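So the structure is just underneath, and the comments pick up after that.
We name chains A, B, ... by the order of the sequence lines, and we start the count at 1 in each one. Computed from a prediction, not measured in an experiment: that's the story for all the values here.
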Amino acid sequence: MMEDCPVKFRILELLDSKGMRTEEIVFTISKERPGYDNDYGKAMIKYDVIELVSAGLVNEGKSVIDEEGIFQKGKLLTDYTISDLGKTYLDDLRQKVKA
Amino acid sequence: MDVEEIKKMDHKKKVRIGIIMGILCALYWGIWYVPGYAIYELPFLADVYDNILNHGMSEDATGILQAVFLTGINAIACALVLFIWNGGLGKLGEMKRTVVQFRAASKYFLMAGLCGACAVSGTYLAALFLSPGFAAIAGLLYPIIGTTLSVLYLKQKVSKRGYLAIIVLLVGGITLYSGSILSGGTAGTNTTLGLIGGIMAAVGWGCEGAVAGKALDLCEPDVGLHLRFCFEAIFWVIVLVIIACTGIPIFDTLGAILDPTTFLVVLLLGLSFAWCYVCWYKSFPFLGVARGQAIGSLYAACAVIFLCIFCGPQGALNYTDESMMLIVGSTIAGLIICLIGSFLLASEDTEGMVSLRGEKR
């Protein structure tokens, strides 16, 4: 539903269906929209996830080190879930978003 | 290095990025005062004043219209500069996706643009009708409103150390300009208009921070701030066209903007103010509105330093032989207090800032 919305809207929508790890979020969104399927685009999506954690809309879970270079070798791959506040924001967005 | 250590390092890095953004915001904001003062020395702005005055308007009304004209030019310059910035970052697509979601996203940036329009024009009015020192102090009060709104409206948490740092930074900023106020620097041409301008600046920037903070929970800072400037520019264009339609010759000397010196000054206005806002908005998601605004209020110290560099100490601080000790002393004391406030904020426990919302620590 929110494939054509701002990246953060889409991240919340993805996490509402199930918890996801860094690379799952990044790869899903980078394939959906043009200009994001490169290292820079993927880093921008990861940055948006970090900002959502900071805003308290997304919770951080367990992390593992990306030893195999799935996304960014040597960096953390973290499990994310949507927070209660994130759910409230998402419910509000669903009523307001123009399809 | 184990996972927990890397995680802690990432959290520290996140807060460090927020603080660096806040400091860069203060630097760009401070340097904005240099072209901001220089433009008053150019025929471009002086001619607007003369045209309106010769049209039969009073001096006060002419001053207000000149401030409106300058604020409009500033907003348009920022909006244009940011097209290059967001184009370079590859964020124009995200901008399109954000602007169409008016109810969910871009309405907040419209509100932020209107609050910013109120603040910038207010600061020009306060500087013109009272004094630049008073305008700076009035502007410095915006974190009080921003902090109150971010805690009550955005429910962002601020630690005791955070509150202390905000208070120290505000005291430092006010001390910076207290010398010029105490030595009679408030003897302006129209005190009432100057005070209204000061209130507009503090309330405008404080409210803008809170509204932008809400929108930045769900939007890209670069995109959001560009939308904010586009809305502000559209607002001022409408206002200026309405003024021109009433017969006031506000656009008569607009062509002078193509003069190379004038163009360079307007470009520098746009670059410094746009980048200041880029950094201001980027500091909010990681630091919260209260801390972001408090670090941004270091602009007062940066403005004094840059004006001293470009205009010389006497030109920047506007002292006489009698008032030199008081003004220079208060400036140095203010700078030291600002440094202490910045240290308090920068050395805050980063683990308490993983999320800006939640239990107070």
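For residues 16-34 of chain A, the interface with chain B (any heavy-atom pair closer than 4.5 Å) comprises A:R33, sorted by residue number.
Only the backbone of B:L216 comes within less than 4.5 Å of a heavy atom in chain A; its side chain stays farther off. Contacts between B:K282 and chain A at a heavy-atom distance below 4.5 Å are absent for every atom of the residue. Residue B:L92: no heavy atom, backbone or side chain, is found under 4.5 Å from chain A. For a residue to count as touching a neighbouring chain, one of its non-hydrogen atoms must lie under 4.5 Å from one of that chain's; by this rule B:K14 touches chain A with the side chain only.
Looking only at atom types and distance, the side chain of B:S159 has a donor-acceptor partner in the side chain of B:E348 under 3.5 Å away.
In terms of modelled atom types and a separation under 3.5 Å, the side chain of B:H226 and the main chain of B:N86 share no donor-acceptor contact.
Applying the side-chain contact (heavy atoms from CB on, under 4.5 Å) test to B:I6 and every residue at least two apart in sequence or in another chain returns A:I65, A:L76, B:M1, B:D10. Annotation: ring-ring contact (aromatic ring centres under 6.0 Å, His included) contacts of A:Y80 (sequence neighbours excluded): none.
Residue pairs that meet the side-chain hydrogen bond (donor to acceptor under 3.5 Å, both in side chains) test with at least one member in residues 37-48 of chain A, sequence neighbours left out, are A:K46-A:Q72.
Looking at B:K91 and B:E94, no side-chain N of the basic residue comes within less than 4.0 Å of a carboxylate O on the acidic one, giving no salt bridge.
Classification of the B:W280-B:Y277 ring pair by plane angle, with boundaries at 30° and 60°, yields perpendicular.
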